[in-house]
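Structure record follows, encoded as C-alpha coordinates.
One-based numbering, in listed order, for ligands and for the atoms of each. These numbers come from the heavy atoms of this one structure, side chains and all, not from hydrogens, waters or symmetry mates.
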Amino acid sequence: MGLKFTFCWVCLLLCLLVWVTEAQIFNVKDYGAIADGATDNSEAFLKAWKEACQWTGRPKVWIPYGTYKLNSVTFEGPCKGPIAFVIKGYLKAPTIPSEFFTENWINFRYLDRLTVSGGGILDGQGKEAWSFNDCNTNSNCVTLPTTMRFDFVTNSWVHHLRSINSKNTHFVVFGCENLNITNTRIAAPGDSPNTDGIKMADSTSITIKRMKIRTGDDCIAMLPGTKNVNIADLVCGPGHGISIGSLGKDGDQNDVTDISVRNCTFHNTSDGVRIKTWASPGIGKVSNLIYEDIFMNHVGNPIIIDQEYCPYPPCSQEASRVQINNVTYRNIWGSSGSNVAVTLRCSQSRPCRDVVLENINLPYYGQGGDATAFCSNIKGLSVGQQNPPSCM
Ligand SMILES: *[C@@H]1O[C@H](CO)[C@@H](O)[C@H](O)[C@H]1NC(C)=O
Ligand SMILES: *[C@@H]1O[C@H](CO)[C@@H](O)[C@H](O)[C@H]1NC(C)=O
Ligand SMILES: *[C@@H]1O[C@H](CO)[C@@H](O)[C@H](O)[C@H]1NC(C)=O
Ligand SMILES: *[C@@H]1O[C@H](CO)[C@@H](O)[C@H](O)[C@H]1NC(C)=O
(Lines give C-alpha, C1' and ligand atoms only; values in the text may rest on other atoms or scores of the structure.)
(Ligands and ions follow the chains in the order given, each with its own letter.)
Protein backbone atom coordinates (compact mmCIF):
# COMPACT_ATOMS: atom_id res chain seq x y z
CA MET A 1 0.00 0.00 0.00
CA GLY A 2 2.55 2.54 1.23
CA LEU A 3 4.85 1.69 -1.61
CA LYS A 4 2.06 2.12 -4.14
CA PHE A 5 1.13 5.45 -2.58
CA THR A 6 4.69 6.76 -2.74
CA PHE A 7 4.99 5.47 -6.27
CA CYS A 8 1.91 7.46 -7.26
CA TRP A 9 3.27 10.66 -5.76
CA VAL A 10 6.56 10.17 -7.55
CA CYS A 11 4.59 9.66 -10.75
CA LEU A 12 2.60 12.81 -10.19
CA LEU A 13 5.69 14.84 -9.43
CA LEU A 14 7.39 13.52 -12.51
CA CYS A 15 4.34 14.36 -14.58
CA LEU A 16 4.28 17.88 -13.18
CA LEU A 17 7.97 18.28 -13.85
CA VAL A 18 7.52 17.12 -17.41
CA TRP A 19 4.53 19.43 -17.84
CA VAL A 20 6.35 22.44 -16.39
CA THR A 21 9.50 21.98 -18.42
CA GLU A 22 7.88 20.78 -21.61
CA ALA A 23 4.67 22.65 -22.24
CA GLN A 24 5.33 25.93 -20.56
CA ILE A 25 2.54 28.41 -21.25
CA PHE A 26 3.29 32.07 -21.95
CA ASN A 27 -0.10 33.70 -21.59
CA VAL A 28 -0.12 37.15 -23.19
CA LYS A 29 -2.33 38.40 -20.34
CA ASP A 30 0.59 37.83 -17.96
CA TYR A 31 2.57 40.21 -20.14
CA GLY A 32 0.02 43.00 -19.98
CA ALA A 33 -2.36 42.16 -22.83
CA ILE A 34 -5.81 43.71 -22.43
CA ALA A 35 -8.75 42.14 -24.22
CA ASP A 36 -10.86 45.28 -24.61
CA GLY A 37 -10.71 45.42 -28.41
CA ALA A 38 -9.14 48.88 -28.30
CA THR A 39 -5.74 48.82 -26.53
CA ASP A 40 -2.82 47.91 -28.76
CA ASN A 41 -1.35 44.64 -27.51
CA SER A 42 1.68 44.33 -29.75
CA GLU A 43 4.15 44.99 -26.94
CA ALA A 44 2.60 42.36 -24.66
CA PHE A 45 2.50 39.78 -27.46
CA LEU A 46 6.12 40.46 -28.36
CA LYS A 47 7.27 40.15 -24.73
CA ALA A 48 5.50 36.81 -24.37
CA TRP A 49 7.02 35.66 -27.65
CA LYS A 50 10.53 36.74 -26.65
CA GLU A 51 10.47 34.71 -23.44
CA ALA A 52 8.80 31.71 -25.06
CA CYS A 53 11.33 31.73 -27.86
CA GLN A 54 14.18 31.46 -25.36
CA TRP A 55 12.57 28.57 -23.45
CA THR A 56 14.16 25.20 -24.05
CA GLY A 57 11.11 22.97 -23.40
CA ARG A 58 8.02 23.18 -25.54
CA PRO A 59 6.78 26.72 -25.05
CA LYS A 60 3.30 27.87 -26.00
CA VAL A 61 2.46 31.49 -26.51
CA TRP A 62 -1.16 31.55 -25.38
CA ILE A 63 -3.79 34.07 -26.44
CA PRO A 64 -6.91 33.33 -24.41
CA TYR A 65 -10.49 34.08 -25.43
CA GLY A 66 -11.30 37.78 -25.82
CA THR A 67 -10.87 40.52 -28.41
CA TYR A 68 -7.38 41.91 -28.78
CA LYS A 69 -6.42 44.85 -30.90
CA LEU A 70 -3.00 44.21 -32.38
CA ASN A 71 -0.79 46.47 -34.48
CA SER A 72 1.84 45.18 -36.88
CA VAL A 73 4.09 42.55 -35.18
CA THR A 74 7.05 40.37 -36.19
CA PHE A 75 7.72 37.15 -34.31
CA GLU A 76 11.28 36.32 -35.15
CA GLY A 77 13.48 33.31 -34.50
CA PRO A 78 15.51 31.32 -34.36
CA CYS A 79 14.09 29.99 -31.08
CA LYS A 80 15.66 27.46 -28.71
CA GLY A 81 13.35 24.69 -29.92
CA PRO A 82 9.88 24.03 -31.27
CA ILE A 83 7.36 26.73 -30.43
CA ALA A 84 3.56 26.89 -30.48
CA PHE A 85 1.43 29.96 -30.97
CA VAL A 86 -2.10 29.28 -29.78
CA ILE A 87 -4.78 31.78 -30.70
CA LYS A 88 -8.07 31.21 -28.89
CA GLY A 89 -9.09 34.83 -29.07
CA TYR A 90 -10.18 37.29 -31.73
CA LEU A 91 -7.36 39.44 -33.10
CA LYS A 92 -8.27 42.77 -34.63
CA ALA A 93 -6.00 44.66 -37.02
CA PRO A 94 -5.64 48.44 -36.83
CA THR A 95 -8.06 50.67 -38.73
CA ILE A 96 -6.10 53.94 -38.73
CA PRO A 97 -3.98 54.40 -41.89
CA SER A 98 -0.89 55.60 -40.02
CA GLU A 99 -0.98 52.30 -38.10
CA PHE A 100 -1.66 49.99 -41.02
CA PHE A 101 0.57 51.17 -43.87
CA THR A 102 2.96 48.28 -43.20
CA GLU A 103 3.93 45.28 -45.28
CA ASN A 104 2.47 42.73 -42.87
CA TRP A 105 0.14 42.55 -39.95
CA ILE A 106 1.46 39.36 -38.29
CA ASN A 107 4.82 38.09 -39.49
CA PHE A 108 6.67 34.91 -38.45
CA ARG A 109 10.30 34.76 -39.55
CA TYR A 110 13.29 32.41 -39.34
CA LEU A 111 11.57 29.65 -37.39
CA ASP A 112 11.74 25.88 -37.29
CA ARG A 113 8.97 23.65 -35.87
CA LEU A 114 6.43 26.40 -35.37
CA THR A 115 2.77 25.55 -34.79
CA VAL A 116 0.09 28.22 -35.14
CA SER A 117 -3.39 27.04 -34.17
CA GLY A 118 -6.16 27.45 -31.60
CA GLY A 119 -9.38 28.10 -33.52
CA GLY A 120 -9.10 31.87 -33.13
CA ILE A 121 -9.93 34.59 -35.63
CA LEU A 122 -7.64 36.99 -37.48
CA ASP A 123 -9.76 39.98 -38.46
CA GLY A 124 -7.85 42.11 -40.95
CA GLN A 125 -10.46 44.93 -40.83
CA GLY A 126 -10.11 45.21 -44.59
CA LYS A 127 -13.14 47.42 -45.13
CA GLU A 128 -11.21 50.32 -43.62
CA ALA A 129 -8.39 49.87 -46.13
CA TRP A 130 -9.68 48.55 -49.46
CA SER A 131 -10.44 52.06 -50.73
CA PHE A 132 -6.68 52.81 -50.51
CA ASN A 133 -6.00 50.06 -53.06
CA ASP A 134 -5.63 51.76 -56.43
CA CYS A 135 -2.91 49.44 -57.73
CA ASN A 136 -4.82 48.78 -60.95
CA THR A 137 -4.32 52.37 -62.03
CA ASN A 138 -1.42 53.64 -59.87
CA SER A 139 1.95 51.87 -60.08
CA ASN A 140 3.16 53.75 -56.96
CA CYS A 141 0.22 52.54 -54.91
CA VAL A 142 0.66 52.02 -51.16
CA THR A 143 1.09 48.44 -50.00
CA LEU A 144 -1.60 47.19 -47.70
CA PRO A 145 -0.58 44.56 -45.14
CA THR A 146 -0.81 40.81 -45.53
CA THR A 147 -2.72 39.30 -42.61
CA MET A 148 -0.19 36.56 -41.75
CA ARG A 149 3.15 36.04 -43.44
CA PHE A 150 5.70 33.26 -43.03
CA ASP A 151 9.28 33.96 -44.14
CA PHE A 152 11.90 31.20 -43.96
CA VAL A 153 9.79 28.96 -41.74
CA THR A 154 10.48 25.21 -41.86
CA ASN A 155 8.86 21.98 -40.61
CA SER A 156 5.81 23.85 -39.39
CA TRP A 157 2.05 23.51 -39.16
CA VAL A 158 -0.67 26.12 -39.29
CA HIS A 159 -4.12 24.75 -38.52
CA HIS A 160 -7.59 25.56 -37.20
CA LEU A 161 -7.53 29.30 -37.74
CA ARG A 162 -9.96 31.71 -39.37
CA SER A 163 -8.89 34.70 -41.37
CA ILE A 164 -11.51 37.27 -42.29
CA ASN A 165 -11.46 40.51 -44.27
CA SER A 166 -7.74 40.77 -44.86
CA LYS A 167 -6.58 44.15 -46.13
CA ASN A 168 -4.45 42.41 -48.77
CA THR A 169 -3.48 38.71 -49.07
CA HIS A 170 -4.62 36.55 -46.14
CA PHE A 171 -1.53 34.26 -45.92
CA VAL A 172 1.86 34.60 -47.61
CA VAL A 173 4.40 31.75 -47.60
CA PHE A 174 7.90 32.79 -48.69
CA GLY A 175 11.17 30.88 -48.53
CA CYS A 176 9.53 28.08 -46.53
CA GLU A 177 10.07 24.32 -46.53
CA ASN A 178 7.79 21.59 -45.17
CA LEU A 179 5.02 23.93 -44.07
CA ASN A 180 1.42 22.71 -43.87
CA ILE A 181 -1.75 24.75 -43.67
CA THR A 182 -4.86 22.73 -42.81
CA ASN A 183 -8.42 23.11 -41.49
CA THR A 184 -8.39 26.85 -41.93
CA ARG A 185 -11.20 29.05 -43.17
CA ILE A 186 -10.53 32.19 -45.14
CA ALA A 187 -13.19 34.74 -46.00
CA ALA A 188 -13.46 38.18 -47.61
CA PRO A 189 -16.10 39.60 -49.97
CA GLY A 190 -15.94 38.46 -53.60
CA ASP A 191 -15.36 42.04 -54.73
CA SER A 192 -12.59 42.95 -52.24
CA PRO A 193 -9.33 43.92 -54.03
CA ASN A 194 -6.24 41.66 -53.99
CA THR A 195 -7.42 39.56 -51.08
CA ASP A 196 -5.72 36.34 -52.25
CA GLY A 197 -6.24 33.42 -49.87
CA ILE A 198 -2.74 31.92 -49.84
CA LYS A 199 0.15 33.17 -51.93
CA MET A 200 3.46 31.36 -52.04
CA ALA A 201 6.86 31.77 -53.65
CA ASP A 202 10.34 30.25 -53.35
CA SER A 203 8.94 27.48 -51.17
CA THR A 204 9.18 23.67 -51.19
CA SER A 205 7.03 20.85 -49.79
CA ILE A 206 3.87 22.71 -48.86
CA THR A 207 0.62 20.87 -48.04
CA ILE A 208 -2.70 22.69 -48.02
CA LYS A 209 -5.67 20.58 -46.95
CA ARG A 210 -9.23 20.80 -45.69
CA MET A 211 -9.69 24.48 -46.36
CA LYS A 212 -12.63 26.75 -47.18
CA ILE A 213 -11.63 29.87 -49.05
CA ARG A 214 -14.06 32.62 -50.09
CA THR A 215 -12.31 35.74 -51.26
CA GLY A 216 -11.86 38.51 -53.84
CA ASP A 217 -8.78 37.21 -55.63
CA ASP A 218 -7.04 33.85 -56.11
CA CYS A 219 -7.94 31.24 -53.50
CA ILE A 220 -4.36 30.00 -53.88
CA ALA A 221 -1.61 31.54 -56.01
CA MET A 222 1.67 29.76 -56.68
CA LEU A 223 4.40 32.18 -57.74
CA PRO A 224 7.97 31.62 -58.98
CA GLY A 225 10.04 29.06 -57.09
CA THR A 226 7.13 26.99 -55.78
CA LYS A 227 7.90 23.25 -55.74
CA ASN A 228 6.26 20.10 -54.44
CA VAL A 229 2.88 21.44 -53.34
CA ASN A 230 -0.08 19.21 -52.50
CA ILE A 231 -3.48 20.82 -52.32
CA ALA A 232 -6.51 18.69 -51.38
CA ASP A 233 -10.02 18.81 -49.93
CA LEU A 234 -10.53 22.47 -50.56
CA VAL A 235 -13.64 24.47 -51.32
CA CYS A 236 -13.00 27.72 -53.20
CA GLY A 237 -15.41 30.48 -54.13
CA PRO A 238 -16.12 33.20 -54.65
CA GLY A 239 -12.65 34.05 -55.89
CA HIS A 240 -10.38 33.59 -58.88
CA GLY A 241 -9.61 29.90 -58.39
CA ILE A 242 -6.24 28.19 -57.94
CA SER A 243 -3.53 29.80 -60.01
CA ILE A 244 0.02 29.19 -61.04
CA GLY A 245 1.55 32.53 -61.90
CA SER A 246 1.63 35.08 -63.15
CA LEU A 247 5.06 33.92 -64.29
CA GLY A 248 7.63 35.11 -66.78
CA LYS A 249 7.30 38.86 -66.50
CA ASP A 250 11.10 39.10 -66.41
CA GLY A 251 14.21 37.29 -65.16
CA ASP A 252 14.87 33.58 -65.29
CA GLN A 253 13.70 32.26 -61.91
CA ASN A 254 10.21 31.38 -62.89
CA ASP A 255 9.95 27.65 -62.26
CA VAL A 256 6.93 26.02 -60.66
CA THR A 257 7.03 22.21 -60.54
CA ASP A 258 5.45 19.14 -58.93
CA ILE A 259 2.04 20.46 -57.96
CA SER A 260 -1.05 18.37 -57.25
CA VAL A 261 -4.58 19.66 -56.77
CA ARG A 262 -7.04 16.96 -55.75
CA ASN A 263 -10.63 16.65 -54.54
CA CYS A 264 -11.50 20.33 -54.74
CA THR A 265 -14.75 22.20 -55.35
CA PHE A 266 -15.04 25.58 -57.02
CA HIS A 267 -18.27 27.54 -56.53
CA ASN A 268 -19.00 30.43 -58.84
CA THR A 269 -15.35 31.47 -59.28
CA SER A 270 -14.13 33.51 -62.25
CA ASP A 271 -11.52 30.81 -62.98
CA GLY A 272 -10.97 27.25 -61.86
CA VAL A 273 -7.49 25.81 -62.36
CA ARG A 274 -5.37 28.39 -64.13
CA ILE A 275 -1.80 28.80 -65.36
CA LYS A 276 -0.87 32.29 -66.48
CA THR A 277 2.37 33.57 -67.95
CA TRP A 278 3.01 37.07 -69.22
CA ALA A 279 3.54 37.87 -72.85
CA SER A 280 7.02 39.01 -71.74
CA PRO A 281 10.65 37.83 -71.95
CA GLY A 282 10.97 36.07 -68.55
CA ILE A 283 12.33 32.54 -68.83
CA GLY A 284 10.98 29.62 -66.81
CA LYS A 285 9.44 26.20 -66.58
CA VAL A 286 6.12 24.86 -65.31
CA SER A 287 6.03 21.07 -65.12
CA ASN A 288 4.61 17.96 -63.47
CA LEU A 289 1.19 19.19 -62.53
CA ILE A 290 -1.86 17.10 -61.79
CA TYR A 291 -5.41 18.38 -61.34
CA GLU A 292 -7.69 15.53 -60.33
CA ASP A 293 -11.27 14.97 -59.03
CA ILE A 294 -12.46 18.52 -59.26
CA PHE A 295 -16.04 19.77 -59.24
CA MET A 296 -16.66 23.07 -61.01
CA ASN A 297 -19.97 24.65 -60.04
CA HIS A 298 -20.65 27.48 -62.49
CA VAL A 299 -17.03 28.53 -63.02
CA GLY A 300 -16.14 31.20 -65.59
CA ASN A 301 -13.05 29.52 -67.05
CA PRO A 302 -12.87 26.06 -65.43
CA ILE A 303 -9.65 24.95 -67.16
CA ILE A 304 -7.33 27.63 -68.47
CA ILE A 305 -3.75 28.04 -69.60
CA ASP A 306 -3.11 31.61 -70.68
CA GLN A 307 0.38 32.33 -71.96
CA GLU A 308 -0.65 35.73 -73.26
CA TYR A 309 -1.62 37.10 -69.87
CA CYS A 310 -1.98 40.87 -69.95
CA PRO A 311 -4.37 42.16 -67.30
CA TYR A 312 -3.55 45.82 -67.89
CA PRO A 313 -2.82 46.40 -71.58
CA PRO A 314 -0.68 47.36 -73.34
CA CYS A 315 1.85 44.55 -72.64
CA SER A 316 5.03 43.81 -74.59
CA GLN A 317 3.25 41.12 -76.65
CA GLU A 318 6.34 38.94 -76.99
CA ALA A 319 5.73 35.20 -77.05
CA SER A 320 6.10 33.86 -73.49
CA ARG A 321 9.37 32.00 -72.83
CA VAL A 322 7.94 29.93 -70.00
CA GLN A 323 7.84 26.24 -71.02
CA ILE A 324 4.83 24.28 -69.76
CA ASN A 325 4.99 20.48 -69.81
CA ASN A 326 3.47 17.37 -68.23
CA VAL A 327 0.09 18.68 -67.07
CA THR A 328 -2.78 16.24 -66.42
CA TYR A 329 -6.43 17.23 -65.98
CA ARG A 330 -8.36 14.16 -64.80
CA ASN A 331 -12.00 13.79 -63.71
CA ILE A 332 -13.09 17.39 -63.89
CA TRP A 333 -16.82 17.93 -64.06
CA GLY A 334 -19.61 20.39 -63.30
CA SER A 335 -20.69 23.43 -65.29
CA SER A 336 -18.94 26.23 -67.09
CA GLY A 337 -20.07 29.83 -66.77
CA SER A 338 -18.69 30.72 -70.21
CA ASN A 339 -19.02 28.78 -73.42
CA VAL A 340 -15.25 28.26 -73.71
CA ALA A 341 -14.96 25.70 -70.91
CA VAL A 342 -11.40 24.66 -71.77
CA THR A 343 -8.78 27.22 -72.85
CA LEU A 344 -5.25 26.02 -73.59
CA ARG A 345 -3.53 29.06 -75.05
CA CYS A 346 0.16 28.21 -75.11
CA SER A 347 3.18 30.11 -76.31
CA GLN A 348 4.16 30.24 -79.94
CA SER A 349 7.86 30.04 -79.05
CA ARG A 350 7.45 27.40 -76.27
CA PRO A 351 4.48 25.17 -77.17
CA CYS A 352 3.00 23.20 -74.24
CA ARG A 353 3.97 19.50 -74.18
CA ASP A 354 2.47 16.37 -72.66
CA VAL A 355 -0.85 17.89 -71.65
CA VAL A 356 -3.50 15.24 -70.91
CA LEU A 357 -7.26 15.80 -70.72
CA GLU A 358 -8.97 12.77 -69.17
CA ASN A 359 -12.69 12.51 -68.38
CA ILE A 360 -13.79 16.09 -68.71
CA ASN A 361 -17.47 17.00 -68.45
CA LEU A 362 -18.06 20.74 -68.34
CA PRO A 363 -21.33 21.64 -70.08
CA TYR A 364 -22.37 25.25 -70.60
CA TYR A 365 -26.01 26.04 -69.85
CA GLY A 366 -26.10 29.66 -71.02
CA GLN A 367 -27.01 31.15 -74.37
CA GLY A 368 -24.81 30.90 -77.44
CA GLY A 369 -24.43 27.18 -78.00
CA ASP A 370 -22.63 24.28 -76.38
CA ALA A 371 -19.36 24.42 -74.49
CA THR A 372 -16.24 24.55 -76.63
CA ALA A 373 -12.51 24.05 -76.12
CA PHE A 374 -9.78 26.28 -77.48
CA CYS A 375 -6.19 25.16 -78.12
CA SER A 376 -3.13 26.84 -79.54
CA ASN A 377 0.51 25.72 -79.68
CA ILE A 378 -0.04 22.56 -77.69
CA LYS A 379 0.92 18.89 -77.91
CA GLY A 380 -0.95 16.38 -75.83
CA LEU A 381 -3.72 13.84 -75.82
CA SER A 382 -7.25 13.33 -74.60
CA VAL A 383 -8.61 10.18 -72.99
CA GLY A 384 -12.17 9.13 -71.99
CA GLN A 385 -15.15 11.44 -71.97
CA GLN A 386 -14.66 14.90 -73.51
CA ASN A 387 -17.33 17.55 -73.10
CA PRO A 388 -16.55 20.01 -74.65
CA PRO A 389 -15.08 17.97 -77.52
CA SER A 390 -11.30 18.06 -77.11
CA CYS A 391 -9.31 20.52 -79.16
CA MET A 392 -6.12 18.42 -79.03
C1 LIG B 1 2.93 18.01 -43.77
O2 LIG B 1 2.10 17.09 -44.44
C3 LIG B 1 2.83 16.05 -45.07
C4 LIG B 1 1.84 15.24 -45.88
O5 LIG B 1 0.74 14.87 -45.14
C6 LIG B 1 3.58 15.24 -44.02
O7 LIG B 1 4.32 14.24 -44.63
C8 LIG B 1 4.49 16.18 -43.24
O9 LIG B 1 5.12 15.48 -42.19
C10 LIG B 1 3.72 17.33 -42.66
N11 LIG B 1 4.63 18.29 -42.06
C12 LIG B 1 4.41 18.89 -40.90
C13 LIG B 1 5.47 19.81 -40.42
O14 LIG B 1 3.40 18.71 -40.24
C1 LIG C 1 -13.01 15.69 -50.47
O2 LIG C 1 -13.19 17.02 -49.99
C3 LIG C 1 -14.34 17.20 -49.18
C4 LIG C 1 -14.53 18.69 -48.89
O5 LIG C 1 -13.39 19.29 -48.41
C6 LIG C 1 -14.21 16.35 -47.93
O7 LIG C 1 -15.35 16.49 -47.11
C8 LIG C 1 -14.04 14.88 -48.35
O9 LIG C 1 -13.80 14.07 -47.21
C10 LIG C 1 -12.89 14.72 -49.34
N11 LIG C 1 -12.89 13.35 -49.89
C12 LIG C 1 -11.82 12.58 -49.89
C13 LIG C 1 -12.00 11.23 -50.52
O14 LIG C 1 -10.76 12.92 -49.40
C1 LIG D 1 -22.18 34.07 -58.56
O2 LIG D 1 -21.45 35.26 -58.82
C3 LIG D 1 -22.21 36.32 -59.31
C4 LIG D 1 -21.27 37.46 -59.69
O5 LIG D 1 -20.19 37.55 -58.84
C6 LIG D 1 -23.23 36.72 -58.25
O7 LIG D 1 -24.04 37.78 -58.73
C8 LIG D 1 -24.11 35.51 -57.93
O9 LIG D 1 -25.00 35.81 -56.89
C10 LIG D 1 -23.27 34.33 -57.51
N11 LIG D 1 -24.10 33.14 -57.39
C12 LIG D 1 -23.99 32.30 -56.35
C13 LIG D 1 -24.88 31.11 -56.40
O14 LIG D 1 -23.20 32.46 -55.45
C1 LIG E 1 4.41 14.07 -64.69
O2 LIG E 1 3.86 14.68 -63.53
C3 LIG E 1 3.36 13.74 -62.59
C4 LIG E 1 2.66 14.52 -61.49
O5 LIG E 1 3.52 15.37 -60.80
C6 LIG E 1 4.50 12.85 -62.08
O7 LIG E 1 3.99 11.91 -61.17
C8 LIG E 1 5.16 12.16 -63.26
O9 LIG E 1 6.28 11.44 -62.83
C10 LIG E 1 5.60 13.18 -64.31
N11 LIG E 1 6.08 12.49 -65.49
C12 LIG E 1 7.28 12.71 -66.00
C13 LIG E 1 7.61 11.95 -67.24
O14 LIG E 1 8.07 13.50 -65.50
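Under the 2.5 Å SG-SG cutoff, C375 and C346 do not qualify as a close cysteine pair.
Side-chain contact check for D354 and N325: no donor-acceptor pair (N or O, by modelled atom type) lies under 3.5 Å. Counted by atom type alone, N263 and D293 present zero donor-acceptor pairs between their side chains at under 3.5 Å. Using modelled atom types and a 3.5 Å distance limit, the side chains of D151 and N107 yield a donor-acceptor pair.
Protein heavy atom at the shortest distance from atom 6 (C) of ligand 1 is N180 ND2, 4.2 Å. Closest to atom 1 (C) of ligand 4, if we only count protein heavy atoms, is N326 ND2, 1.5 Å. At the shortest separation from atom 4 (C) of ligand 1 among protein heavy atoms lies T207 OG1, 3.9 Å. Atom 12 (C) of ligand 2 has as its closest protein heavy atom N263 ND2, 3.3 Å.
Each of F150, Y110, W49 was scored for a ring-ring contact (aromatic ring centres under 6.0 Å, His included) with F75, with one residue passing: W49.
Under the 4.0 Å distance rule, the nearest protein heavy atom to atom 14 (O) of ligand 1 falls inside the cut-off. Distance check on atom 9 (O) of ligand 2: every protein heavy atom falls at or beyond the 4.0 Å cut-off.
Between F100 and W105, a ring centre-to-centre spacing not shorter than 6.0 Å is recorded.
Considering backbone and side-chain N/O of N288, one or more are found under 3.5 Å from N/O of ligand 4. Looking at W157 next to ligand 1, no N or O pair under 3.5 Å apart turns up.
Comment: R274 engages D218 in a salt bridge, judged by a side-chain N to carboxylate O separation of less than 4.0 angstrom.
Proximity annotation for atom 5 (O) of ligand 1: of K209, E177, H159, K209 comes nearest, heavy atoms only.
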